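Take a look at the following structure, please.
What you see below is based on every heavy atom in this structure, not just the backbone, and it leaves out hydrogens, waters and symmetry mates. Predicted, not measured: the structure shown is a model, and the values here were computed from it.
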Amino acid sequence: MKTILASAYAVNPCKGSEDGMGWNFIYQIARFHRVIAVTRENNREAIEKFMRENPDELYTRMRFVYFDLPYYQRFWKKGSRGAMLYFWLWQKGLPGFVKKQNLQFDIVHNVNFHNDWTPSYLWKLEKPFVWGPVGHHPLIPAQYLKAYSKQQLIKEYATWLVKLLFWKFSPALKKTRSHASHVLCMNSEAPAALRLQAEQFSFMPSVASEDFGFNRSFKKNFTLISVGRFVPLKGFDLSILSFAAFVNSLPPETRNNCRLVLVGSGPEESLLKRMTIENHIENHVVFIDWVKRSQLLKLYQEASVFLFPSHEGAGMVVSEALSSGLPVICLNNSGPGEFISSDCGIAVKHQNYEQTVSALTEAITQLYSSPRQLAQMSANARARYESHFNWNRRGDTLKTIYESISQ
């Protein structure tokens with residue numbers, strides 16, 4: 001049994017997304033090895049509370065060490081504002097902190113809150129170094145920013161320019177890549193962006209889910225659900241417009257049996273609500289602010305289909321939906337489009353905006369009109385979760401990788 005030093009900037013066993021991913025990766029490492037997890041001080045309370053209330057023998061292999069930069073280097077950080085800059089500074093300070101702590105370990109692993117354009121510095125610890133899962137968010141095609149302001153288009157391309165500068169000119173990123181013993185890539189576009197050789201990497205989506213349970217009961221009502229931040233990246237405008245075209249095509253007497261549930265919050269919420277009014281579907285769309293995971297589970301179980309036309313290269317909520325046996329309708333991209341298969345969902349190809357809305361509408365109509373296909377896809381969604389997105393699958397893969405680089 002080896003000792004793995006894992007840096008996990010975001011860790012919270014009570015949350016989903018990046019925080020939940022950090023916790024679950026650490027837990028999976030502990031299935032086979034000892035793990036020293038370095039994270040931020042603001043994660044301590046949630047971690048210790050959860051471990052007290054949910055005892056587990058694997059905790060004997062888990063040690064958490066908390067590190068933050070001095071106040072004078074972080075006073076300007078407020079919530080998500082400045083998060084990427086602070087993360088970069090935190091990463092730079094991490095090797096020195098680890099050396100001062102005199103921690104003993106065999107392998108270092110930079111686990112989360114990073115992507116393919118921000119460097120890691122753990123290679124400086126001179127141990128076998130695992131990097132990832134490294135994410136890659138492709139550029140949002142310009143036609144899919146149609147519903148948003150010009151400022152969003154400028155912001156998207158400005159962010160992409162920053163990424164290009166890092167990929168081409170960052171010495172720290174080049175050193176991260178060259179010193180990595182193994183790179184875990186979240187999707188098929190990450191190796192190309194980093195110019196990795198085939199022997200350097202393997203694919204491992206960071207997304208996975210605890211077992212939400214498979215208890216599908218198909219009711220008369222047809223409910224679509226989307227979950228995420230209300231930002232252009234998530235494509236909620238496409239969800240609303242495709243649902244509007246679908247529900248407005250139905251006979252008036254059947255429309256009340258259909259609804260779209262949008263779970264989340266964000267800066268585009270007012271725009272999305274205005275779109276429901278303009279398309280005369282405000283009585284069929286329900287906006288729900290972020291809820292506890294137990295409540296989200298209930299919403300999944302009450303739904304019929306997971307509608308997620310996101311442009312991102314990941315999507316933790318996809319694995320949660322599959323766990324609950326929800327067929328997924330998404331875009332055929334390097335994120336959700338690679339996570340599903342044709343027997344558990346429908347992936348719509350990139351095309352112009354109106355054609356994309358039309359294709360999503362056809363997918364919704366197809367599943368609404370065929371209860372038998374919906375039921376079969378539901379069973380297949382659950383099978384897809386068990387074979388690809390159960391957290392234990394990630395732990396098994398990590399075990400194999402650690403063994404291969406330490407031989």
In sequence, state the C-alpha distance, the side-chain angles, and the governing distance for V231 and Y148, and then conclude on side chain to side chain contact (heavy atoms under 4.5 Å, CB included). CA-CA 9 Å; V231 294; Y148 301 96; over 6 Å; no

Is the gap between the ring centers of W391 and Y27 under 6.0 Å? no

Heavy-atom pair of closest approach, residues A147 and Y353: CB-OH, 4.0 Å

Quick one, Q101 and F67 - any side-chain contact, counting heavy atoms below 4.5 Å? no

Taking the side chain from S334 and the backbone from S188, do they hold a donor-acceptor pair closer than 3.5 Å? no

Mind listing the closest non-hydrogen atom pair of L367 and L374 along with its distance? O-CB, 3.9 Å

Stepwise side chain to side chain contact (heavy atoms under 4.5 Å, CB included) check, H109 with L398: CA-CA 10 Å; H109 185 170; L398 290 176; 3.7 Å; yes

How long is the span from the CG atom in L196 to the NE2 atom in H182, to the nearest 0.5 Å? 10.0 Å

Check each of P336, P309, P141 against L331 using the side-chain contact (heavy atoms from CB on, under 4.5 Å) test, and report the only one that passes. P309

Might you work through the side chain to side chain donor-acceptor pair (under 3.5 Å) test for Y300 and E320, ending with a clear yes or no? CA-CA 8 Å; Y300 282 140; E320 296 175 348; 2.9 Å; yes

Count the heavy atoms of every other residue, nucleotide or ligand shown that sit under 6.0 Å from CZ of R31, and state whether that count exceeds 12. yes

Q104 vs T3, test: side chain to side chain contact (heavy atoms under 4.5 Å, CB included). Steps then yes/no. CA-CA 8 Å; Q104 303 300 311; T3 299; over 6 Å; no

Check: R384 side chain, F339 main-chain N or O, donor-acceptor pair, under 3.5 Å: yes

Would you say Q143 and K146 make side-chain contact, with heavy atoms under 4.5 Å? no

Might you work through the side chain to side chain contact (heavy atoms under 4.5 Å, CB included) test for V38 and F97, ending with a clear yes or no? CA-CA 10 Å; V38 186; F97 169 80; 4.1 Å; yes

Side-chain donor/acceptor of R394 to backbone N/O of P205, under 3.5 Å: yes

Kindly give the heavy-atom pair with the smallest separation between L260 and S239, and that separation in Å. CD2-O, 4.0 Å

What do you reckon, is NZ of K175 surrounded by more than 12 foreign heavy atoms closer than 6.0 Å? no

Check the pair Y368 / N257 against side chain to side chain donor-acceptor pair (under 3.5 Å), numbers first and verdict last. CA-CA 11 Å; Y368 171 78; N257 295 328; 5.9 Å; no

S310 backbone acceptor or donor facing N333 side chain under 3.5 Å: yes

Measure the shortest side-chain to side-chain distance between V227 and F308 over non-hydrogen atoms and say whether it is less than 4.5 angstrom. no

Using a 3.5 Å distance criterion without hydrogens, assess whether the side chain of D106 forms a donor-acceptor pair with backbone atoms of K2. no

Could you state the interatomic distance from OG1 (T39) to CZ (F64), rounded to the nearest 0.5 Å? 7.5 Å

What I'd like to find out is whether the side chain of L296 reaches to under 4.5 Å of the side chain of V317, using heavy atoms alone. no

Crowding at CD, E126 (>12 non-hydrogen neighbours, <6.0 Å): no

W160 ring center within less than 6.0 Å of W117 ring center: no

Distance (rounded to the nearest 0.5 Å) between M62 CE and D56 CG: 8.0 Å

Holding to side-chain contact (heavy atoms from CB on, under 4.5 Å), I want the full list of residues that pass it with L85, two or more places apart in sequence or in another chain. W76, W88, L89

Does R255, at its CZ atom, have more than 12 non-hydrogen atoms belonging to other residues, nucleotides or ligands within less than 6.0 Å? yes

Side chains of H137 and N115 in contact at under 4.5 Å (non-hydrogen atoms): no

Under 6.0 Å from the ring centre and within 45 degrees of the ring axis: does the NZ or CZ of K273 meet both conditions for the six-membered ring of F287? yes

Residues which pass salt bridge (Lys or Arg N to Asp or Glu O under 4.0 Å) with E253, listed by chain and number, not counting sequence neighbours: none

Kindly indicate whether the side chain of R393, heavy atoms from C-beta on, has any atom under 4.5 Å from the side chain of H388. no

Taking the side chain from Q301 and the backbone from S324, do they hold a donor-acceptor pair closer than 3.5 Å? no

Count the heavy atoms belonging to other residues, nucleotides or ligands that lie under 6.0 Å from CD of E45, then report whether that count exceeds 12. no

Any side-chain to backbone donor/acceptor pair from R61 onto A30? Under 3.5 Å, distance only. yes

K49 bridged to E53 by N-O distance under 4.0 Å: yes

Correct closest heavy-atom pair for P171 and F169 would be CD-O, 3.0 Å

Using a 4.5 Å cut-off on heavy atoms from C-beta on, say whether the side chain of R274 contacts that of I277. no

For Y9 and N110, run side chain to side chain donor-acceptor pair (under 3.5 Å): C-alpha distance rounded to whole Å, both residues' side-chain angles, the deciding distance at 0.1 Å, then the answer. CA-CA 9 Å; Y9 181 88; N110 188 325; over 6 Å; no

No-hydrogen, no-angle side-chain donor-acceptor test under 3.5 Å, T223 and N221: no

Which pair of non-hydrogen atoms, one from T176 and one from F129, has the smallest distance, and what is that distance? O-CE2, 3.8 Å

Taking S323 for the side chain and S319 for the main chain, is one N or O donor matched with an acceptor at less than 3.5 Å? no

When every non-hydrogen atom of S242 is compared with those of L307, the smallest separation belongs to OG-CD2, 4.1 Å

Using modelled atom types only, decide if a donor and an acceptor are shared between the side chain of N380 and the backbone of D343 within a distance under 3.5 Å. yes

If you measure from CH2 on W167 to CZ on R177, what distance do you get to the nearest 0.5 Å? 12.0 Å

Electrostatic pair D116:K163 at N-O distance under 4.0 angstrom: no

Contacts of E156 that satisfy salt bridge (Lys or Arg N to Asp or Glu O under 4.0 Å) - sequence neighbours left out: none

Rounded to the nearest 0.5 Å, how far apart are CD of E48 and CG of N43? 11.0 Å

Test F222 against F246 for ring-ring contact (aromatic ring centres under 6.0 Å, His included), laying out the working first. CA-CA 12 Å; F222 183 73; F246 158 71; 5.8 Å; yes

Using a 4.5 Å cut-off on heavy atoms from C-beta on, say whether the side chain of N54 contacts that of P13. no

Distance from L122 atom CG to S7 atom OG, nearest 0.5 Å? 4.5 Å

Return yes if some donor-acceptor pair links the side-chain N/O of D19 with the main-chain N/O of G22 below 3.5 Å, else return no. no

